[in-house]
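Beneath this line is the structure, given in structure tokens, with notes to follow.
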Amino acid sequence: MILKLKEPLNLDFTLNSGQVFNWKKNNDFWEGFVNGKKTKLKKKGANLFFKGASKSEILSFFKLDESLDEIYQSILSKSGDLLLESLFKKYRGLRILRQEPWECLISFIISQNSSIKTIRKRIETLYSLNDGFPSAETLSKLSESDFRKMGFGYRSKYVKETSEIVASGFDLRKIKGRKFDSALEELKSLPGVGDKVGKCVMLFSLDFNEAFPVDVHIENVMKKFYHRERNIQEFAVKRFGAYAGYAQQYLFFSDVF
DNA sequence: CATAGACCTGTGGTA
DNA sequence: TGGGGCAGGTCTATA
């Protein structure tokens, strides 16, 4: 199947920018999961060749309903930020994804204090449990020591408990409609979810484009270029506006890659 | 409110 | 080659 792209999309930047950990590049095509479906992608000019997920699922996954250039403009006209202006040019087509919230939540819980390689391995292990990413029901039936055997370390308890809470009715999607602070608070009530993981889930799966997750890399960038160390979320929204999360992703990408 | 320590363990740089 | 330190943090206890 072919999809004609009307929006800038760089698969290499997007799928390798630390927002998703289950995509691999083989030769010239990307292989991963969209909405639980194994999917292959290859881009040639404005053509996106795809297999697996449906067209609408792919449009949603890459948020192709949002105009990237308008987002750039919105951020730049509000902030006049020269660093971001150069990053938007350099990494044009790096998009924020709209992932499946449950998978996104568990991925970032087990990502804490770990290297990218280790994170990938853990997620691969979860996928190997059954066909596709295991549901909350499935994971809630495993024990903490099962997760420890998978190499999750002290995060095992978080995964076990959060799975139980979600399996027994905690609805991630209902958080989508809430106000920012309330949504974050709700997510942080889950074991293993703090400020950073909560905002990652909000930004990468729940359409909170103003979420500005702060990790050690962003902390460095904020110190170096903005002379800021605290109240970074507040600062980011004031400076970059409603799409602050996009600014975060480009700043993160430039620091790590 | 803010800050320090503990927490698992795979991995990569050589402190 | 081996082993101390780090890795996209969170939680808890403490002034």
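Letters A, B, ... mirror the listed sequences (proteins, then strands); counts begin at 1.
- Proximity of A:Lys157 to the phosphate of C:dC11: no side-chain N or O atom is located under 4.0 Å from OP1 or OP2.
- Counted by atom type alone, A:Ser111 and A:Ser114 present zero donor-acceptor pairs between their side chains at under 3.5 Å.
- In this structure, A:Ala242 has no side chain to side chain contact (heavy atoms under 4.5 Å, CB included) partners at least two apart in sequence or on a different chain.
- A:Asn27 and A:Lys42 form no side-chain donor-acceptor contact under 3.5 Å, judged by distance and modelled atom types alone.
- Nearest nucleotide to the side chain of A:Thr118, out of B:dG10, C:dG9, B:dT3: B:dG10.
- Contact check of residues 184-212 of chain A against DNA chain C (heavy atom, cut-off under 4.0 Å) returns A:Leu190, A:Pro191, A:Gly192, A:Val193, A:Gly194, A:Asp195, A:Lys196, A:Val197.
- Counting to the nearest Å, the C1' atom of C:dC11 and the CD atom of A:Gln112 are 10 Å from each other.
- Partners of A:Arg122 under the salt bridge (charged side-chain N to carboxylate O under 4.0 Å, His left out) rule, at least two apart in sequence or in another chain, do not exist in this structure.
- Nucleotides B:dG10 and C:dT12 place their P atoms 25 Å apart, quoted to the nearest Å.
- In this view, A:Glu85 satisfies the salt bridge (charged side-chain N to carboxylate O under 4.0 Å, His left out) rule with no residue, not counting sequence neighbours.
- Atom CD1 in A:Ile119 sits about 12 Å away from atom P in B:dT11, given to the nearest Å.
- Regarding A:Arg120, its CZ atom lies at a distance of 12 Å from the P atom of C:dG8, rounded to whole Å.
- A side-chain donor from one of A:Tyr127 and A:Glu103 sits under 3.5 Å from a side-chain acceptor of the other.
- Screening residues 244-257 of chain A for side chain to side chain donor-acceptor pair (under 3.5 Å), with sequence neighbours left out, gives A:Ser17-A:Gln249, A:Glu66-A:Tyr246, A:Tyr72-A:Tyr250, A:His217-A:Asp255.
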A:Asn10/A:Tyr91 under side-chain hydrogen bond (donor to acceptor under 3.5 Å, both in side chains): CA gap, chis, key distance, verdict: CA-CA 8 Å; A:Asn10 185 308; A:Tyr91 301 125; over 6 Å; no
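- Summarising the geometry, the separation between NE2 on A:His217 and C1' on C:dG8 is reported as 5 Å, rounded to the nearest angstrom.
- Residue A:Gln19 is in base contact, counting any heavy-atom pair closer than 4.0 Å across all strands shown.
- DNA chain C is contacted by no residue of residues 231-244 of chain A, taking any non-hydrogen atom closer than 4.0 Å.
- Between the CD1 atom of A:Ile110 and the P atom of B:dT9 there is a distance of 15 Å, given to the nearest Å.
- Residues passing the salt bridge (charged side-chain N to carboxylate O under 4.0 Å, His left out) test with A:Glu164, sequence neighbours excluded: A:Lys160.
- Apart from A:Val216 itself, the hydrophobic cluster it occupies contains nothing, where clustering links Ile, Leu, Val, Met, Phe, Trp and Tyr at side-chain heavy-atom distances under 4.5 Å.
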Between the protein and nucleotides 6-8 of chain B, are there any N/O to N/O pairs under 3.5 Å, and if so, what are the atom names and distances?
{"unit_1": "B:dC8", "atom_1": "OP1", "unit_2": "A:Arg148", "atom_2": "NH2", "d": "3.1"}
{"unit_1": "B:dC8", "atom_1": "O5'", "unit_2": "A:Arg148", "atom_2": "NH1", "d": "3.1"}
{"unit_1": "B:dC8", "atom_1": "O5'", "unit_2": "A:Arg148", "atom_2": "NH2", "d": "3.3"}
{"unit_1": "B:dC8", "atom_1": "O4'", "unit_2": "A:Tyr154", "atom_2": "N", "d": "3.1"}
{"unit_1": "B:dC8", "atom_1": "O2", "unit_2": "A:Arg155", "atom_2": "NH1", "d": "2.9"}
{"unit_1": "B:dC8", "atom_1": "N3", "unit_2": "A:Arg155", "atom_2": "NH2", "d": "3.3"}

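- For the 3.5 Å distance criterion, the side chains of A:Thr14 and A:Arg95 fail to qualify, holding no donor opposite an acceptor.
- Pair assignment for B:dC8: none, as no Watson-Crick or G-U wobble contacts are both less than 3.5 Å.
- With sequence neighbours left out, A:Arg230 forms a salt bridge (charged side-chain N to carboxylate O under 4.0 Å, His left out) with no residue at all.
- Going from atom NZ of A:Lys149 over to atom P of B:dT9 covers 12 Å, rounded to whole Å.
- Summarising the geometry, the separation between CD on A:Glu219 and P on B:dT3 is reported as 11 Å, rounded to the nearest angstrom.
- For the residue pair A:Ser135 and A:Thr138, a side-chain donor N or O sits within less than 3.5 Å of a side-chain acceptor on the partner.
- The stretch residues 89-109 of chain A has no heavy atom under 4.0 Å from DNA chain C, so no residue of it qualifies as close.
- With a cut-off of 3.5 Å on both pairing distances, the Watson-Crick or G-U wobble partner of B:dT3 is C:dA13.
- Between the side chains of A:Trp23 and A:Asn16, no donor-acceptor pair is found at a separation under 3.5 Å.
- Nucleotides C:dG8 and B:dG5 place their P atoms 23 Å apart, quoted to the nearest Å.
- Here, C:dT10 and B:dT11 have their P atoms 23 Å apart, quoted to the whole Å.
- With sequence neighbours left out, A:Asp195 forms a side chain to side chain donor-acceptor pair (under 3.5 Å) with A:Lys188, A:Lys199.
- Across the C1' atoms, C:dA13 and B:dC1 are found 14 Å apart, a figure rounded to whole Å.
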